[in-house]
Number of protein chains: 2
Amino acid sequence: MSKTKITFLGGLDAIGKNMLVVEHHNSAVIIDCGMSFPDEEMYGVNMVIPSFEYIRKIKQKVKAVFITHGHEDHIGALGYLYREFNFPLYATGITLAFAEGKFAGAQKKELQKQVIASGQVYEFDGLNVEPFDVCHSIPEGVGFIINTPDARIVHTGDFKLDAKPLDGRLTDLDRLRGLNGADVLLCDSTNADQPGWTISENDVGKTFDKLFSKVKGRIIIASFSSNILRMRQVINTAQKYGRRVAILGRSMENNFRIAQDAGFITCPENAVCGIEQAASLPDSKVVVLTTGSQGERMSALTQMARRRYDRMKLKREDTVIISASPIPGNEKDINETVNNLFRIGVRLFYDHVKEIHASGHACAEDIKTLVKAVKPRFFIPVHGEYQHLYANNQNAEAAGVRRANTHIFQNGDQVEVGRSVCRLSGRVYAGPVLLDGNYGADPQEPVFEERHQLSRGGIAVVACVLDRTNKLARPPLVDGSGFLYKKEQEQFLPLFKERIAVLAESLKGSDKEQKLKKELEKFIYDRLRRRPAILVNIIDL
Amino acid sequence: MSKTKITFLGGLDAIGKNMLVVEHHNSAVIIDCGMSFPDEEMYGVNMVIPSFEYIRKIKQKVKAVFITHGHEDHIGALGYLYREFNFPLYATGITLAFAEGKFAGAQKKELQKQVIASGQVYEFDGLNVEPFDVCHSIPEGVGFIINTPDARIVHTGDFKLDAKPLDGRLTDLDRLRGLNGADVLLCDSTNADQPGWTISENDVGKTFDKLFSKVKGRIIIASFSSNILRMRQVINTAQKYGRRVAILGRSMENNFRIAQDAGFITCPENAVCGIEQAASLPDSKVVVLTTGSQGERMSALTQMARRRYDRMKLKREDTVIISASPIPGNEKDINETVNNLFRIGVRLFYDHVKEIHASGHACAEDIKTLVKAVKPRFFIPVHGEYQHLYANNQNAEAAGVRRANTHIFQNGDQVEVGRSVCRLSGRVYAGPVLLDGNYGADPQEPVFEERHQLSRGGIAVVACVLDRTNKLARPPLVDGSGFLYKKEQEQFLPLFKERIAVLAESLKGSDKEQKLKKELEKFIYDRLRRRPAILVNIIDL
């Protein structure tokens with residue numbers, strides 16, 4: 001029996017809230033602590049995070065939190081973790097910078113942080129962790145090689161293969177080959193169902209170059225603000241063509257500063273300028289780099305497309321490039337922005353142009369190459385919906401892993417791993433925790449079903465004051481929200497009040513409020529064909 | 001000046017609720033009367049239809065309603081139109097059958113219906129209408145050639161070009177060429193931004209044949225229930241391979257019956273069977289044709305994928321084919337079904353297989369071919385979002401229409417058309433009308449904003465009974481819906497009541513309720529970081 005186990009707290013049901021724990025005997029390390037966005041039916045929820053219930057149980061064992069890279073789905077829940085715990089945080093320099101932006105001040109004690117370097121081995125009681133370089137759509141991503149006396153685990157983090165990455169930092173297949181095999185490979189599955197190879201960030205650069213060489217007017221580029229190397233490509237291409245770059249949107253501005261501080265973007269001071277300054281330059285000298293590639297309501301591009309952005313107005317002569325692909329669920333919002341941009345009449349390049357964006361995630365052939373380098377006995381796909389995990393197992397099989405040794409687990413699963421074992425050994429509570437204001441809710445809380453009903457039909461609030469003879473002491477009070485349309489307030493409301501008055505005086509017994517509610521539900525449905533929530537107060541004097 | 005005008009009541013802002021009016025002097029015909037689905041922010045709305053306000057104004061002029069084909073976005077609002085009006089309804093046989101299904105019994109008087117035939121000319125005072133065959137994803141689709149003394153208008157309806165349609169019914173380019181030109185072409189834009197040619201329904205048949213020849217277990221096919229020819233292909237292929245077809249889902253069963261009655265499907269009685277009967281056949285003899293290709297919550301496929309369908313259970317050995325492409329906005333629901341199907345472990349063919357579905361709409365090259373046949377002076381793209389209309393104008397230009405003669409209009413626009421004119425001449429109210437129960441609402445009604453707030457934070461309902469000395473006659477009543485989570489009911493509620501009691505007795509002046517509400521908003525936000533709706537009743541004895 002192996003004493004090493006992996007506990008999955010997130011990342012196995014959807015793309016988001018990645019978090020897992022590797023334990024050996026009395027030691028544990030947490031890998032990543034990400035957030036995800038709420039589904040539609042999670043009314044009022046701003047963010048979804050993993051449950052820390054299991055962390056509370058083993059907190060004495062936890063030696064460190066290791067972070068693979070600085071994307072929200074890997075760092076977004078750290079602020080909540082550090083409100084409660086004070087584990088040492090291990091990450092590369094820029095990842096730490098992104099992470100600290102998340103929870104500066106949230107933690108109780110001063111953060112014990114450790115800048116890590118690939119190739120170094122970080123030793124803890126009974127287990128050690130060695131980061132290795134991976135190439136992704138944010139700088140300084142790493143994967144981890146985790147050794148315990150019973151098992152060697154390789155975790156890719158998010159990765160792609162790029163033969164010529166802009167920062168020269170390849171996914172370190174040589175190091176992985178040097179391991180001469182591993183027991184378990186945990187592998188990014190986001191693009192596992194996409195055949196072929198992921199295109200290179202370099203190809204996006206070439207597309208930019210081609211466009212910049214032709215365009216005469218202003219160029220507006222929307223992209224992910226964490227894609228620092230994309231940002232660098234925009235600035236470099238702009239410089240080549242004598243344009244200055246105005247950076248728009250809070251997260252884009254923040255990340256530009258982080259990237260400059262960390263030395264990832266080194267450009268002369270006059271390479272960038274403020275948006276107001278850009279307005280005084282000829283159009284042919286201007287590039288605007290902005291947020292809004294996902295149609296986010298409050299972003300600069302969305303507002304510009306709606307002609308509601310004060311700091312800059314788009315015009316027909318502009319060229320807009322959306323250098324991103326839609327994150328599932330955002331299609332409608334992006335579509336609205338695209339329609340609005342066509343209304344203004346700008347020249348628009350978006351996802352119908354192939355090499356305008358490169359994904360940060362490995363496609364099937366990248367994955368097979370990595371699997372062959374690692375030569376794992378067992379394969380566990382992570383970071384994806386079920387269909388992606390399923391597709392990734394097929395990649396692993398194609399790369400030589402025995403089908404019986406490919407496994408799909410779910411959040412909350414505890415898996416015993418070792419030289420000849422990879423099996424479900426237990427279950428823990430893994431949430432999700434739905435954050436609504438100060439509250440971390442369970443999805444089963446009745447509040448969500450109530451809000452669903454309220455969103456469909458609103459609420460009718462009825463109050464009756466009855467005197468001792470069971471007569472109304474005053475006319476019934478009817479109030480509501482989201483309940484009656486304008487015309488109904490004139491036409492239906494008087495009838496409704498009349499009906500309430502009759503019913504209130506005629507009802508007898510102990511559960512008058514419940515009885516009145518039932519009668520009013522029926523009355524409303526018969527006349528309006530709707531089922532609002534109804535709240536009845538009968539006040540007996 | 002031309003006396004002919006077109007009024008657009010729908011179809012120009014999105015794919016859906018197609019409706020327009022062609023008028024000449026004292027005559028008018030309505031073309032199509034469709035519905036669309038509500039956007040997310042239309043809380044509680046089941047269906048969206050065009051406004052009939054303009055129809056009310058010109059009802060004396062309306063000679064007929066002509067329908068292009070039987071899809072919901074062209075017939076779905078007819079039931080509402082016929083509650084109010086009794087215009088003669090002109091359509092092909094199967095289109096009438098689909099339409100009558102929509103509003104059997106809704107209309108006041110008996111429906112005056114006219115089965116139309118392509119090539120026939122239907123004459124009215126001052127204008128005539130000639131249907132012509134178009135090929136689409138539902139049988140017996142037509143476009144219309146509308147002649148007035150001042151203008152010849154061609155309206156394609158929804159169409160594609162298919163060189164070998166299953167029913168032999170080509171889009172009638174010969175008839176269009178025979179016109180030797182037209183003044184205005186109204187053209188389907190749904191796929192206008194897709195390059196190349198739309199694939200043939202025949203190719204889908206070949207894909208089915210290939211799959212059927214290899215698969216040993218059960219085959220489950222999900223498709224659009226109105227795609228009668230797809231249904232026919234499934235039945236024919238099943239027969240060829242000795243399988244019987246069980247038809248699942250209400251709309252699939254209804255449309256199968258309509259198609260049989262209309263002679264579009266002629267198969268031996270034993271070609272189809274009930275699902276219970278299918279259960280007694282060997283798996284290799286069974287095909288199940290079902291609804292649910294869009295991940296619709298209540299559909300048979302969705303329920304089967306969730307393992308919640310009593311009439312049939314899926315198993316690993318099944319092969320599932322989703323023979324449809326996602327309608328924008330349905331991606332997440334379809335995705336859930338796909339994940340669930342992978343969980344069961346069925347073999348799944350869906351949109352990653354190219355020729356598993358053929359669109360009913362013309363791509364760019366189909367459109368250019370049609371434009372060259374019609375040779376219109378003016379071009380008006382219809383049936384699409386702005387980006388599709390925009391792309392379609394480029395197709396028209398490529399096919400020889402002058403750029404200055406391509407126009408994008410919006411719902412509510414009235415357009416004067418004639419030999420040398422196509423210009424905006426007025427505006428009418430075009431809705432949309434949002435149907436919620438018995439009410440047809442304007443999108444600006446405050447109900448929607450209220451429901452939005454309710455959906456985010458629920459509502460707190462507070463009632464205080466004060467005696468003549470301004471003291472609480474009883475403890476404050478606090479009720480609510482979607483407001484407090486479980487733990488908050490123990491921890492927060494007592495504090496909240498205390499606060500209400502203090503405030504209620506201390507407040508003075510006329511607008512006590514408003515003041516109390518403000519204070520409570522602040523109290524809740526400070527402690528819970530949420531902003532529920534708040535309703536306050538102060539009852540002075």
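Heavy atoms only: backbone and side chains are in, while hydrogens, waters and symmetry mates are out.
In plain terms, the two heavy atoms of A/Ile459 and B/Ser481 that are nearest each other are CD1-CB, 4.1 Å. The shortest non-hydrogen separation linking A/Pro446 to B/Lys486 is CD-CE, 4.2 Å. Taking both residues in full, the closest heavy atoms of A/Asp436 and B/Tyr485 are given as OD2-OH, 2.7 Å, listed atom of the first, atom of the second, then distance.
A/Arg456 places no side-chain N or O within 3.5 Å of a backbone atom of B/Tyr43 that could act as its donor or acceptor partner. At least one donor-acceptor pair closer than 3.5 Å links the side chain of A/Asn438 to the backbone N or O of B/Arg527.
Only the backbone of A/Leu528 comes within contact range of chain B, with at least one heavy atom under 4.5 Å from a heavy atom of that chain. Neither the backbone nor the side chain of A/Tyr525 comes within less than 4.5 Å of any heavy atom in chain B. The part of B/Tyr350 that comes within reach of chain A is its side chain, from C-beta onward, which places non-hydrogen atoms under 4.5 angstrom from that chain. Heavy-atom distances place no part of A/Leu341 under 4.5 Å from chain B, backbone and side chain included. Contact of A/Glu449 with chain B is not made at all, since no heavy-atom distance falls under 4.5 Å.
Remark: the B/Tyr386 side chain and the A/Asn340 side chain contain no N/O donor-acceptor pair separated by less than 3.5 Å. No donor-acceptor contact under 3.5 angstrom links the side chains of A/Arg529 and B/Asn46, judged on distance only.
Between B/Asp39 and A/Lys332 a salt bridge is recorded (basic side-chain N to carboxylate O distance below 4.0 Å).
The greatest number of non-hydrogen atom pairs below 4.5 Å with chain B, out of A/Val461, A/Ile539, A/Asp193, is found for A/Ile539. Among the candidates B/Gly437, B/Gly329, B/Ala441, the residue making the largest number of heavy-atom pairs closer than 4.5 Å to chain A is B/Gly437. The candidate from B/Gln387, B/Glu488, B/Glu385 with the greatest count of non-hydrogen atom pairs under 4.5 Å with chain A is B/Gln387.
At least one side-chain heavy atom of A/Tyr439 sits under 4.5 Å from a side-chain heavy atom of B/Lys487.
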